Amino acid sequence: MDYNYREIEQRWQAYWRSHHTYRTSIDPSRPKYYVLDMFPYPSGAGLHVGHPLGYIASDIYSRYKRLQGFNVLHPMGYDAYGLPAEQYAIQTGQHPEVTTTQNIARYREQLDKIGFCYDWEREVRTCDPAYYKWTQWAFLKMFKSYYDTVQDKARPIEELVAYFEAHGSQDCPAHTSTPQEFTAEQWRAMSKCEKNDVLMNYRIAYRGNTMVNWCAKLGTVLANDEVSEGVSIRGGYPVEQKMMSQWCLRVSAYAPRLLRDLDTIAWSESIKETQRNWIGYSEGAEMTFPVAGSDAELLIFTTRADTIFGVTFMVLAPESDYVDVVTTPAQRAAVEAYLDEVKHKTERERMIDKRVSGVFSGSYAINPVTGKEIPIYISDYVLAGYGTGAIMAVPAHDSRDYAFARHFDLPIIPLIEGADVSQESFDAKEGIMMNSSNERLQLNGLQVKEAIARTKEYIAEAGIGHVKVNYRLRDAIFSRQRYWGEPFPIYYDEDGQPQPLDENLLPLQLPEVDKFLPTEDGEPPLGRAQNWTTADGHPLELCTMPGFAGSSAYYLRYMDPRNDEALVSREANEYWRQVDLYVGGTEHATGHLIYSRFWNKFLYDYCYVCEAEPFKKLINQGMIQGRSNFVYRIKDTNTFVSYNLKDKYDVTPIHVDVNIVSADALDLDKFRAWRPEFATAEFILENGKYICGWAIEKMSKSMFNVVNPDDIVERYGADTLRLYEMFLGPVEASKPWDTNGIDGVNRFLKRLWALFYSRDEFVVSDDKASADALKSAHKLIKKVTADIEAFSYNTSVAAFMICVNELTTLKCHNREVLEPIVVLIAPFAPHIAEELWHALGHDTTVCDAQWPVCNEDYLVESTVKYTVMIKGRPRYNIEVPADTPSDQVQAIALAHEGAAKWLEGNAPKKVIVVPNKLVNIVI
RNA sequence: GCCCGGAUGGUGGAAUGGUAGACACGAGGGACUUAAAAUCCCUUGGCCAUUGCGGCUGUGUGGGUUCAAGUCCCACUCCGGGUACCA
């Protein structure tokens with residue numbers, strides 16, 4: 001009986017399905033383990049071989065943990081809201097729900113063929129009303145909350161209202177980016193609308209007037225992580241900055257915790273570092289500079305308080321509120337012209353155009369330490385969104401200020417001994433201060449770090465500023481002017497004020513529309529919906545939520561996916577707690593992985609979840625790139641020349657479908673059938689074959705290098721695909737897909753099969769196995785267990801190959817040896833393992849077996865070989881009984897005839913014995 | 001610019017400071033076969049010597065530490081990823 005993967009895989013997949021083998025439930029008697037994949041967006045192209053890489057890795061770990069006795073939660077679902085389905089809907093009129101459902105069915109079919117151990121009864125889809133009910137619910141909670149900076153957590157907004165009633169805004173412990181000042185009396189005197197407007201500045205989900213990334217082509221705003229280098233990640237369309245009123249999430253309030261708690265999770269240093277950079281902690285000082293001849297003061301932020309003596313001008317962001325205050329009548333026209341120019345530049349243009357630009361405001365500020373008057377400029381190199389939107393410029397020690405000073409011919413005062421600022425600024429935070437002392441503050445002679453500390457002390461004493469920590473992390477813009485997303489549970493009252501929908505009315509279902517385009521008057525697509533109002537006729541919010549809304553808490557929903565009463569029950573959450581192992585790509589480092597942590601922390605503040613971090617350990621699988629193949633057509637002919645002969649001709653490389661190429665050899669008949677124009681193709685072959693050229697490129701339809709897992713499964717079986725993807729290299733590494741080595745893995749499975757079956761006969765015996773065979777098997781147990789724990793699956797697969805080769809050579813067909821090996825291979829190649837397990841006479845599935853334990857006794861050697869090194873090279877070997885003390889090993893090594901030969905009469909200077917390995921004799 | 005990774009045969013990749021190149025692909029040779037496929041065996045970093053068992057060299061470059069360095073330290077080159085007027 002040959003290894004018939006097709007029949008085996010179909011049979012066992014059907015068995016698992018009908019027996020609910022992978023159904024999971026809460027079982028307090030067993031320890032839990034939660035393994036999660038980043039759920040996919042079901043695109044129309046289906047899965048390619050890159051998708052399952054991470055899924056296979058996590059599946060192996062899930063099965064391994066299960067065999068070790070853990071109760072493993074390993075769910076899967078779909079991130080079903082997204083732009084492509086909507087774009088497709090706009091083009092074809094096909095409802096996104098229809099295409100999404102179709103795509104999900106296709107994904108499921110493809111996933112099923114690979115033999116994953118998902119508990120599909122826990123599947124979630126973000127576009128399912130029963131699911132997004134809880135996305136909306138969380139949003140409502142955020143709307144009804146503020147962030148208390150003293151308790152350091154989210155609290156109900158009523159508590160803030162009570163505070164305002166009693167104290168006004170004095171020492172208000174709430175996080176806001178637009179502080180306001182009012183007394184308790186003033187608060188009480190406010191109208192309902194005024195109060196609402198004030199509270200909006202504190203809510204965690206709030207409506208704010210902010211600079212947003214507006215993508216005209218997509219007709220929607222985008223979050224910072226959805227934009228890269230001035231264009232949208234999806235589609236690559238230009239993005240511009242625009243002031244708009246949008247729903248936002250106060251993620252910035254959580255910046256300190258998001259930063260701090262990175263130390264508590266087992267993620268790769270690189271992704272933690274990316275998050276640290278994105279959060280952007282920066283400790284500095286805020287200082288006030290009085291404006292000469294006015295009551296106004298400029299508040300600035302700096303990390304280089306020590307350079308206060310080198311401030312020769314001030315710069316305001318064009319959007320800064322100070323601009324109006326400091327612009328003198330004489331300069332007004334020039335300033336307005338500049339503001340107008342800046343406004344018409346898109347973000348992209350601003351980035352490309354690095355030229356210095358700016359305008360003098362007409363006013364002067366007074367340096368609070370030196371008392372000198374310095375001019376105030378306006379320039380777009382200062383950002384409104386960071387710090388205070390105003391800076392003190394120190395051209396000698398900041399390259400941007402330096403460029404500005406040179407352009408406008410402003411003085412440059414060096415402050416660090418030995419720094420040459422004639423050509424460029426000296427930005428490093430090191431050196432000894434000079435030109436930095438007067439009767440108020442003396443910094444000369446201090447190191448930069450000391451000077452920073454001293455200046456901070458001084459400005460606090462003098463009442464001109466205070467120490468301040470800034471974060472780069474922005475609040476998340478949460479509105480999208482799109483159809484295919486979660487509707488907001490928000491309506492607008494008579495005064496046009498946003499109001500929360502009653503929780504009992506959730507889910508607020510996405511309405512039908514006639515077209516998926518914006519309305520004629522520029523409203524989002526939901527403006528087309530009939531009766532998009534509350535029961536009493538109030539209009540509902542027209543925007544929908546962004547993609548990350550539904551993906552922020554999905555891991556919680558898997559714990560209790562059909563619960564109507566809560567996102568997750570306390571019982572389920574306290575059992576499953578958090579994701580123990582999360583597997584996914586690095587591309588989510590600054591998006592999903594920040595939003596999820598934020599969302600989880602918000603829920604944690606209200607004790608809806610019991611863990612402060614959602615994902616304990618994170619593994620980032622690499623990307624599988626495409627390996628494109630080329631044929632070389634001789635110019636102006638229909639003749640194609642093989643790769644190694646192509647240099648003799650004038651050729652054009654043409655992408656050829658990799659699916660008609662095998663090990664770089666072109667299938668000529670398939671090529672002729674591939675496209676009509678190649679039907680009459682002629683070939684110049686080498687060694688009877690047409691060899692194609694190749695290149696590593698992104699896997700994409702246009703390069704004809706997309707390989708579907710289905711094709712591999714069809715040709716080699718799912719177990720071969722699984723093993724091969726793991727064998728290709730470390731899970732974390734990006735690598736090109738290359739089928740050149742797949743035969744080796746397939747051969748390995750056939751050899752494994754041959755240990756059980758010879759021709760049609762089952763040849764496993766119950767006899768006692770040889771010591772060598774047992775040693776081989778137990779070595780494997782040890783190696784594979786250690787490798788899986790370290791996610792080193794490629795070396796595991798190699799170890800399997802070695803072991804099977806050894807057993808084949810030993811002609812070992814003993815149950816004692818083969819049975820543990822079947823269990824070991826089960827996580828990697830579950831179908832063949834199941835079949836062999838069954839053949840060994842077991843009624844249960846291999847999934848319920850016990851992970852074997854290495855018996856060290858089998859590995860103990862009676863003798864140990866030492867390599868003897870003389871003059872730095874291995875010269876001869878000695879074999880001594882195990883546990884021989886090293887001085888005796890040394891004596892034996894020196895007594896060997898080889899010693900005399902290689903020492904050539906020299907006395908050994910030094911002898912090093914490395915236990916169980918080698919003896920190094922130095923002469 | 002800044003912050004992270006990385007660089008090992010023809011290829012993918014192995015190597016707790018201890019005989020570099022595991023395992024696999026590819027290539028070459030052989031066995032079995034009328035033949036092919038499949039399977040099995042041998043060789044395979046490079047150079048030299050192959051009627052001898054061997055010698056030299058070798059992990060991006062240049063230094064260093066060490067009895068011993070792919071591995072640790074310093075400097076540099078190149079490649080990949082992230083991020084950027086963040087004061």
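All values reported here derive from a predicted model rather than from experimental measurement. Naming convention: chains lettered A, B, ... in sequence-line order (proteins, then strands); numbering from 1 in each chain.
- Results of the side-chain contact (heavy atoms from CB on, under 4.5 Å) test with Ile308(A) over Val369(A), Leu415(A), Thr302(A) single out Val369(A) as the only residue that passes.
- For the C1' atom pair drawn from A37(B) and U33(B), the interatomic distance equals 10 Å after rounding to whole Å.
- Rounded to whole Å, the P atom of U43(B) lies 12 Å from the corresponding atom of A22(B).
- By the salt bridge (charged side-chain N to carboxylate O under 4.0 Å, His left out) test, Arg406(A) pairs with no residue at all, sequence neighbours left out.
- For the pair Gln275(A) CD and G5(B) P, the computed distance is 16 Å after rounding to whole Å.
- Partners of Lys735(A) by salt bridge (charged side-chain N to carboxylate O under 4.0 Å, His left out), not counting sequence neighbours: none found.
- Residues that satisfy the side chain to side chain contact (heavy atoms under 4.5 Å, CB included) test with Lys750(A), not counting sequence neighbours, are Tyr3(A), Asn746(A).
- Taking atom P on both nucleotides, U19(B) is separated from G70(B) by 10 Å, rounded to a whole Å.
- Looking at residues two or more places apart in sequence or on another chain, you find a ring-ring contact (aromatic ring centres under 6.0 Å, His included) between Phe408(A) and Tyr377(A), Phe404(A).
- Nucleotide G9(B) is shown with a syn base, its glycosidic torsion being within 90° of 0.
- Applying the side chain to side chain donor-acceptor pair (under 3.5 Å) test to Asp738(A) and every residue at least two apart in sequence or in another chain returns Asn740(A).
- Evaluation of the salt bridge (charged side-chain N to carboxylate O under 4.0 Å, His left out) test over residues 786-799 of chain A, restricted to residues two or more places apart or in two chains, returns Lys783(A)-Asp787(A).
- Taking atom P in both C2(B) and C56(B), the straight-line distance is 45 Å, to the nearest Å.
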Can you give me the dot-bracket string for RNA chain B, 5' to 3', counting Watson-Crick and G-U wobble pairs with both distances under 3.5 Å, using [ ] for crossing pairs and | for partners on another strand?
(((((((..(((.....[....)))((((((.......))))))((((.....))))..(((((..]....))))))))))))....

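- Scored by the salt bridge (charged side-chain N to carboxylate O under 4.0 Å, His left out) test, Asp263(A) finds Arg276(A) as partners (sequence neighbours excluded).
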Per-nucleotide protein contact along nucleotides 14-24 of chain B, 5' to 3', at a 4.0 Å heavy-atom cut-off (B base, S sugar-phosphate only, - neither), is SSB-BB--BBS

